[in-house]
Undergrad: 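Quick one: the structure is below, and I'll ask about it shortly.
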Protein chains: 2
Amino acid sequence: MNTLSYGLLSLLTKNSRSGYELMQHIQPFWSAKHSQIYPLLAQLEQKGHVAFVHVPQSDKPDKKVYSITEQGKDALRGWIAEPTDEPVTRDELALKVYCIGLVDKEQAKKMLAVRELYYKKKKERFNLLMDKIQQGSEKPLDQLDIGDDAFGMYVLVHKATMKVDTDLYWCEWMKEKLK
Amino acid sequence: MNTLSYGLLSLLTKNSRSGYELMQHIQPFWSAKHSQIYPLLAQLEQKGHVAFVHVPQSDKPDKKVYSITEQGKDALRGWIAEPTDEPVTRDELALKVYCIGLVDKEQAKKMLAVRELYYKKKKERFNLLMDKIQQGSEKPLDQLDIGDDAFGMYVLVHKATMKVDTDLYWCEWMKEKLK
DNA sequence: TGTTTATATGTCAATAATGACATAAAGGAG
DNA sequence: CTCCTTTATGTCATTATTGACATATAAACA
């Protein structure tokens, strides 16, 4: 089983979700298209790690809502115990910045402005996410501990927020450099 | 041509390098194995974007040293002008942390300690890199501008250092949370 | 003298991931 | 009533990436 399969199981420990919802919610942690997720869900179902029910909807098309099974949770615990792969980042902008001297300052500024906007939107999404986590929690977020359901999500969104702030700080610093 | 091909061309704008060296030096910005790089170099050579010479070595096996051609530089400029893909990060640890409540606090701490060590080693490598950039530059690094050869590398290593500091800060914060 | 490690280049099968194509239901805009 | 968007699920060809296999040189180490 690949990492994304375990990632889907991870999400399902908190909520039962459709493939479409899983695709949306896994994005901050692992980028994947629906064309990768649907076949994996079918595999997981065949192995007995998840089960699904058809859920009719009146306002939207019907969906298949998946839940994790006890067997799935066991698989998950086994995976967590294994050594963790190192993170992989691939950023086309970094490669472009490396040889930024090939183009003029104006083009460079424009390129970085586009990326800055991307980071700002990302930050906005994390802020909304954090609000949503707070709304679903009885405790104030900074009092959550490992036993609380929202703990994992909270600490990850906190990390993501810190990192995007760092990215934005770098963009500001770059604007000074390119002045 | 894929992004990695342009990445290889980007590196070659600064130095002529062998495939092996390219593999080592592109790691901080784009993770790739030699089995992906060698075929791409052969492609780039066929297209006339790079040229190579055989360089005999007495202390080590002989190597093929690639240089970017004018045609390759034109291709690069065209690529930089195109819209830039959004960055992709895939971090298995994030998926594990999401459902960290499945395992006990001790196992969670151990997992994060391994990652913290990884970040510390990474930071050390960036510090050494920054020293090396300074040694190769006449100006103090904070006075470099877009026209200087080392500018791109400098601003990228600066970014990477800031980000790994953020990661380490998060690790410290997590240790408090798991106390 | 044999073993391991780093350097160096390559191929190829398998896996991971994307992009294009396909279908369909429901809501909203015009 | 038609077009567009969002939700929803799926397949399939292509591309990207990895991991295994293969070979060779030279240094370091035992």
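From a predicted model like this one, the values you see are computed outputs, not experimental measurements. Reminder, nothing fancy here: chain letters follow the sequence lines and each chain counts from 1.
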Undergrad: Round to a whole Å and report the spacing from CE of A:Met23 to P of D:dT7.
TA: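 Whole-Å distance recorded here is 8 Å.
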Undergrad: For A:Met1 and A:Asp59, find the nucleotide of DNA chain C closest to each by heavy atoms; which residue's nucleotide sits nearer the 5' end?
TA: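 Result of the comparison: A:Met1.
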Undergrad: Taking only the side-chain nitrogens and oxygens of A:Gln57, find out if one of them lies under 4.0 Å from OP1 or OP2 of D:dA8.
TA: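 So the side chain of A:Gln57 is within the cut-off, an N or O lying under 4.0 Å from OP1 or OP2 of D:dA8.
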Undergrad: Is B:Lys63 close enough and on-axis enough to B:Tyr20, meaning under 6.0 Å and within 45°, for cation-pi?
TA: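 No, cation not above the ring by the 6.0 Å, 45° rule.
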Undergrad: Just to confirm, is there a sub-4.0 Å distance from OP1 or OP2 of C:dT7 to any side-chain nitrogen or oxygen of B:Gln24?
TA: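 Checking C:dT7 against B:Gln24, a side-chain N or O does come within under 4.0 Å of OP1 or OP2.
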Undergrad: Between P on C:dA8 and CZ on B:Arg17, what's the gap in Å once rounded to a whole number?
TA: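 After rounding, the reported distance stands at 12 Å.
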Undergrad: Kindly point out which of D:dA8, D:dC12, C:dT9 is positioned nearest to the side chain of A:Tyr38?
TA: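 My answer, after comparing the listed nucleotides, is D:dA8.
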Undergrad: Can you find a side chain N or O atom of A:Tyr20 that sits less than 4.0 Å from OP1 or OP2 on D:dT9?
TA: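 Answer is no, no contact under 4.0 Å.
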Undergrad: How long is the straight-line distance from CG of B:Leu144 back to NE2 of B:His158, given to the nearest 0.5 Å?
TA: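 Going from the NE2 atom of B:His158 to the CG atom of B:Leu144 covers 12.5 Å.
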Undergrad: For C:dA16, take OP1 and OP2 only and decide whether either is under 4.0 Å from a side-chain N or O of B:Arg90.
TA: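 Indeed not, no polar side-chain atom of B:Arg90 lies that close.
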Undergrad: Rounded off to whole Å, could you give me the NE2-to-P distance for the A:His54 and D:dT7 pair?
TA: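 Those two atoms, NE2 and P, are 21 Å apart.
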Undergrad: 5'-most contact on DNA chain D: A:Asp62 or A:Pro39, nearest heavy atom basis?
TA: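 So the residue in question is A:Asp62.
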Undergrad: Tell me which of B:Tyr66 and B:Val88 sits closer to the 5' end of DNA chain C, going by the nucleotide each one is nearest to.
TA: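 Its nearest nucleotide being more 5', the pick is B:Tyr66.
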Undergrad: So B:Ala32, base contact, sugar-phosphate only, or nothing? Heavy-atom distance under 4.0 Å.
TA: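 Counting heavy atoms under 4.0 Å across all strands, the contact made by B:Ala32 is with sugar-phosphate only.
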Undergrad: Expressed as a whole number of angstroms, how long is the span from A:Leu40:CG to C:dT15:C1'?
TA: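 Spelled out: CG on A:Leu40 to C1' on C:dT15 is 11 Å.
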Undergrad: Please walk me through it: do B:Glu86 and A:Arg115 pass salt bridge (Lys or Arg N to Asp or Glu O under 4.0 Å)?
TA: CA-CA 8 Å; B:Glu86 295 177 354; A:Arg115 177 55 63 99; over 6 Å; no
Undergrad: Given D:dG19, C:dG10, C:dA17, which nucleotide is nearest the side-chain atoms of B:His34?
TA: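 Between D:dG19, C:dG10, C:dA17, the one nearest the side chain of B:His34 would be C:dG10.
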Undergrad: Between A:Ser31 and C:dT18, is there a contact of a side-chain N or O with OP1 or OP2 at under 4.0 Å?
TA: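 Yes, such a contact exists.
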Undergrad: How many Å lie between NZ on A:Lys33 and P on D:dA8, as a whole number?
TA: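 Distance check: A:Lys33 NZ to D:dA8 P gives 18 Å.
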Undergrad: Give one of base, sugar-phosphate or nothing for A:Thr3, where a contact means two heavy atoms less than 4.0 Å apart.
TA: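 The residue A:Thr3 makes no contact with any strand.
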Undergrad: What nucleotide, of C:dT9, D:dT11, C:dT18, holds the atom closest to the side chain of B:Lys64?
TA: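 Closest nucleotide to the B:Lys64 side chain: C:dT9.
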Undergrad: Please determine, for the side chain of A:Lys60, which listed nucleotide (D:dT7, D:dT9, C:dT11) has the closest atom?
TA: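 Nearest nucleotide to the side chain: D:dT7.
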Undergrad: In terms of ring plane angle, is the pair A:Tyr66 and A:Phe52 parallel, tilted or perpendicular, where the classes change at 30° and 60°?
TA: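 Because their plane-to-plane angle lies in the 30° to 60° range, the rings of A:Tyr66 and A:Phe52 count as tilted.
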Undergrad: A side-chain contact here means heavy atoms from C-beta on lying under 4.5 Å apart; do B:Val50 and B:Ser67 qualify?
TA: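 The answer is no; the side chains never approach within 4.5 Å.
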Undergrad: What nucleic acid atoms does A:Ser58 come within less than 4.0 Å of, heavy atoms only: base, sugar-phosphate, or nothing?
TA: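 Sugar-phosphate: the residue A:Ser58, judged by heavy atoms under 4.0 Å, touches backbone atoms but no base.
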Undergrad: Below 30° counts as parallel, above 60° as perpendicular, anything between as tilted: where do the rings of B:Tyr6 and B:Trp79 land?
TA: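 Rings of B:Tyr6 and B:Trp79: parallel, as their planes differ by under 30°.
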Undergrad: Find the distance A:Lys63:NZ to C:dT23:C1' and express it as a whole number of Å.
TA: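 Nearest whole value for this atom pair: 20 Å.
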Undergrad: Return no unless some side-chain N or O of A:Gln36 is found under 4.0 Å from OP1 or OP2 of C:dA16.
TA: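 No, A:Gln36 has no side-chain N/O under 4.0 Å of OP1/OP2 on C:dA16.
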Undergrad: Which whole-number value in Å describes the distance from B:Leu8 CG to C:dT9 P?
TA: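 It is 13 Å, rounded to the nearest whole Å.
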Undergrad: For the side chain of A:Leu4, counting heavy atoms from C-beta on, which of C:dG19, D:dT9, C:dA17 is nearest?
TA: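 From the listed options, C:dA17 comes nearest.
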Undergrad: Among the nucleotides D:dT7, C:dA20, D:dT9, which one has an atom lying closest to any side-chain atom of A:Pro61?
TA: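 Closest nucleotide among those given: D:dT7.
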Undergrad: Measure from CZ on A:Phe52 to C1' on D:dG10 and round the result to the nearest Å.
TA: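 Rounding to the nearest Å, CZ of A:Phe52 and C1' of D:dG10 are 13 Å apart.
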